[in-house]
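Have a look at the structure below before the remarks.
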Amino acid sequence: MAVIRTVDLHKIYDEDTVPVHALNGVSLAVEEGEFTAIVGPSGSGKTTLLNMIGGLDKPSRGSVFIDEQDITSYSDNQLIDFRLKHIGFVFQAYNLIPVLTAYENVEFIMLLQKRPKEERRVRAMELLRAVGLEEKTEKRPTELSGGQQQRVAVARALASKPRFVLADEPTANLDSKSTAGLLDLMQELNQNENATFIFSTHDQRVIDRARRVLTLEDGKIVSDETRQG
Amino acid sequence: MLLKLAWRNLWRNKRRTLITVAAIFFSITLSILMTSLQQGTWARMIASVVEQYSGYAQIHKKGYWQEQTLENSMPLLTPDSLSELPENLEDMIPRIESFALGSDDENAFGTQVMGVDPVREDQLTGLASKVSAGRYFRPGESAILLSEGYADIMELGVGDTIVLLGQGYHGITAVGKYPIVGLLHFGNPELNKRLSYLPLQEAQFMYGMEGRVTSMVLKFKNNYRFRETVEEIRRQLDSNRYEVLSWQEMNPQLVQAIQADTGGMLIELFIIYLVIAFGIFSTVIMMTAERKHEFGILLAIGMKRGRMQIMTLLETVLLAFLGILSGVLFALPIVLYFEDKPIALGGELASYYAEFGFEPVIAFTSQPYVFLNNVLIVFFIVLLVYLYPFNKLRKLNSIRAMKG
Ligand SMILES: Nc1ncnc2c1ncn2[C@@H]1O[C@H](COP(=O)(O)OP(=O)(O)OP(=O)(O)O)[C@@H](O)[C@H]1O
Ligand SMILES: [Mg+2]
């Protein structure tokens, strides 16, 4: 059973004025444990696709099934709850809440989920250790480097044991060393925690690390390549 | 958790928060002091007129207040004259008020003669405590007390004798000669230069009106509820024969002056509140705008709008609370101090006040409503301002917010 399944997904922006066909019938399925990159030129619809899958925006046509649940019919509030419970997000930059420490940022998701304190502590420390920041738990985001901030964001995304993590160009603002580090980490979590990762990127080095590469062009999937690894 | 977030968010920009808190602090301090001063000064003025002179309400023969002559006097009333004694009514205190020309060998000046029951008048207005020289009436004695100012004009003192000459009831000539046993000090300068006090019997005798009075002053157990009691008494008395007037009805100019002054201050307060409103508003706008991206992230990762709205509400309320609390804490001791020790005005200002018959004193009041009103208004403003982030969050779109 696919974790994510989209059926003939269309997204048209500015339908009333100058319509932009950002997605033109995207159908795909993602299985549990995948480590998948979505690539393609700028404007090809990567972000739009991730937003649809993540329940941040609604398609103009077509459906998104998460665990065979059609989330396109969900209300705004249901979607917020759904995201909180089932999806981890990592955005390009400034992911973290500036007034919270690294530890508190990771804990935050679990607080929203009303998890007991001890469970929150154990899980947050486990993840911060996994992303190599056990020394920086009390630091605020401004006291962390961009790479460290993205690591905390990955830790936060995984805190609630989501069905999958969506990352829209997570390395776009990182230098190559931090990029490599973040990918090592994601790969490790993919293997050790069996976390499903779907990320978009322009960076060839990042693409090279993916096990499956979906290429978009003009809102259509033009290639779907799975490598042995 | 929300409170912790709100508190930390508040201090993200320390300087701005402090400036806003300071703005609220100054405005709330100013508005409290202004209200306290105004209400305190008026309360004192009302007290000087009402509690020391007219009482909260009086019963007269119908038409007396329009035309204050002895022909409009009436037979003495007692609480028993009422078919049903109002629970809040403590006593009815008789008075004769009339005029006379006071004279000795050298001077002759008019005076307002008050014929009073020495014991009960003292209970009502604390007359005995106003004696500044000499002594108060002794039971059954035929003597007079003069206000200080009037004694000055007459160049008379304790131990001297004064002759009163006036027109009595039914046009008879009223004459009396009385030893001055004491002088009275009134805070109200107007009263201080015209009042003379006689025991009721002496006044009745002099004016030829035994058993009659011009007014019955009502004494209440609880002055705050006097209006209801006045209504009750009105219903019980024959309105063709009697009038029951509240102090407001007897002093319409005073009421008007208070209203005019209060109206003037409301405008000033309105300006102050406007300043507060804009201060808080601009801070809240900035706090909302600069966190658009962050709100977008929060919404994306699953924080409900409602919780973000509570968080921003807490921020706004905390901001206002800090300003209000510091303002109240700062104003309170000032108000309490000057309530205890009113500021006596000197020099020209004093004579200006005196000209209008006002006691030249600036007083404060610490009545809770002075604080409560101002605090509630600021809180109301804060809630109004809060509508801005509330609405922004209601319409928040996480994708658009994160882009911008
Ligand atoms: N909110 C929007 N309103 C109108 N048009 C939009 C909006 N968002 C995206 N588009 C358009 O939809 C198309 C796809 O955009 P999208 O952001 O998904 O591309 P992308 O592949 O993520 O590009 P990039 O690599 O630059 O991030 C583009 O033509 C873009 O201009
Ligand atoms: Mg994009």
Side-chain angles (χ1 to χ4, degrees), chain A residues 11 13 22 47-48 50-52 54-58 75-101 104-115 117 120 140-142 149 153 156-160 162 165-169, chain B residues 1-18 283-284 286-316 318-319 322 389-404:
Chain A
K11 180 67 181 180
Y13 288 112
T47 299
T48 307
L50 287 177
N51 286 344
M52 301 296 142
L56 290 172
D57 203 356
K58 298 211 167 185
S75 73
D76 178 65
N77 253 331
Q78 280 175 314
L79 277 176
I80 296 175
D81 248 352
F82 183 82
R83 294 197 295 264
L84 174 64
K85 288 200 185 103
H86 302 298
I87 310 178
F89 286 94
V90 179
F91 300 100
Q92 235 180 61
Y94 307 112
N95 270 286
L96 305 178
I97 304 165
V99 296
L100 297 182
T101 63
E104 288 167 335
N105 262 288
V106 176
E107 187 194 23
F108 186 72
I109 293 276
M110 294 182 278
L111 265 169
L112 289 178
Q113 293 181 330
K114 303 191 166 70
R115 297 285 178 81
K117 191 177 168 74
R120 297 197 309 257
R140 297 263 181 113
T142 47
Q149 287 181 31
R156 179 186 68 189
L158 286 169
S160 60
V165 174
L166 296 177
D168 193 6
E169 306 199 38
Chain B
M1 170 190 66
L2 291 179
L3 192 67
K4 181 169 83 179
L5 269 174
W7 180 253
R8 290 196 193 165
N9 280 328
L10 203 56
W11 297 105
R12 280 162 89 145
N13 189 330
K14 277 204 190 76
R15 216 161 67 124
R16 184 174 64 207
T17 298
L18 284 177
T283 299
V284 167
M286 284 190 276
M287 284 181 74
T288 311
E290 72 193 9
R291 278 153 69 200
K292 207 169 132 193
H293 179 85
E294 186 181 328
F295 286 141
I297 297 265
L298 287 172
L299 187 62
I301 65 173
M303 187 171 187
K304 287 236 172 71
R305 290 165 205 278
R307 309 197 82 185
M308 285 191 257
Q309 283 162 341
I310 294 174
M311 178 176 76
T312 47
L313 176 66
L314 288 173
E315 289 166 15
T316 318
L318 278 173
L319 185 71
L322 287 177
F390 179 86
N391 194 43
K392 282 278 171 196
L393 286 171
R394 194 173 59 79
K395 295 189 303 195
L396 180 73
N397 175 306
S398 67
I399 297 171
R400 245 176 279 143
M402 283 188 286
K403 261 191 185 163

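Computed from a predicted model, the values in this text were never measured in an experiment. Below, chain A is the first sequence line, B the second, and so on; all start at residue 1.
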Item to complete: Could you pull out the closest heavy-atom pair between B/I399 and A/L56, with the gap in Å?
Response: CD1-O, 3.4 Å
Between chain B and chain A, which N and O donor-acceptor pairs fall under 3.5 Å? A table would be great.
unit_1: B/K4; atom_1: NZ; unit_2: A/E104; atom_2: OE2; d: 3.2
unit_1: B/R8; atom_1: NH1; unit_2: A/V99; atom_2: O; d: 2.8
unit_1: B/R8; atom_1: NH1; unit_2: A/E104; atom_2: OE1; d: 2.6
unit_1: B/R8; atom_1: NH1; unit_2: A/E104; atom_2: OE2; d: 3.4
unit_1: B/R8; atom_1: NH2; unit_2: A/E104; atom_2: OE2; d: 2.9
unit_1: B/H293; atom_1: NE2; unit_2: A/Y94; atom_2: O; d: 3.1
unit_1: B/L299; atom_1: O; unit_2: A/R83; atom_2: NH2; d: 2.8
unit_1: B/A300; atom_1: O; unit_2: A/R83; atom_2: NE; d: 2.9
unit_1: B/K304; atom_1: NZ; unit_2: A/D81; atom_2: OD1; d: 3.4
unit_1: B/K304; atom_1: NZ; unit_2: A/D81; atom_2: OD2; d: 3.3
unit_1: B/R305; atom_1: NE; unit_2: A/D76; atom_2: OD2; d: 2.9
unit_1: B/R305; atom_1: NH2; unit_2: A/D76; atom_2: OD1; d: 3.0
unit_1: B/R305; atom_1: NH2; unit_2: A/D76; atom_2: OD2; d: 3.1

Practice prompt. Quick one: list whatever passes ring pair (Phe, Tyr, Trp, His ring centres under 6.0 Å) with B/F295, sequence neighbours left out.
Written response: none
Discussion item. My understanding is that only residues two or more places apart in sequence, or in another chain, count here; which of them pass ring pair (Phe, Tyr, Trp, His ring centres under 6.0 Å) with A/F89?
Written reply: A/F91
Fill in: Between CD1 on residue A/I80 and CE on residue B/M308, distance to nearest 0.5 Å
6.5 Å
Worksheet item: Between atom CD1 of B/I297 and atom CG of A/L96, what is the distance when rounded to the nearest 0.5 Å?
Response: 8.0 Å
Worksheet entry | B/M1 portion near chain A, given a 4.5 angstrom heavy-atom threshold | side chain
Proximal component of [X], with respect to chain B [non-hydrogen, under 4.5 Å]:
X: A/L100; answer: both
X: A/L112; answer: both
X: A/A93; answer: backbone

Discussion item. For a 4.5 angstrom cut-off between non-hydrogen side-chain atoms, does A/L84 reach B/I301?
Written reply: no
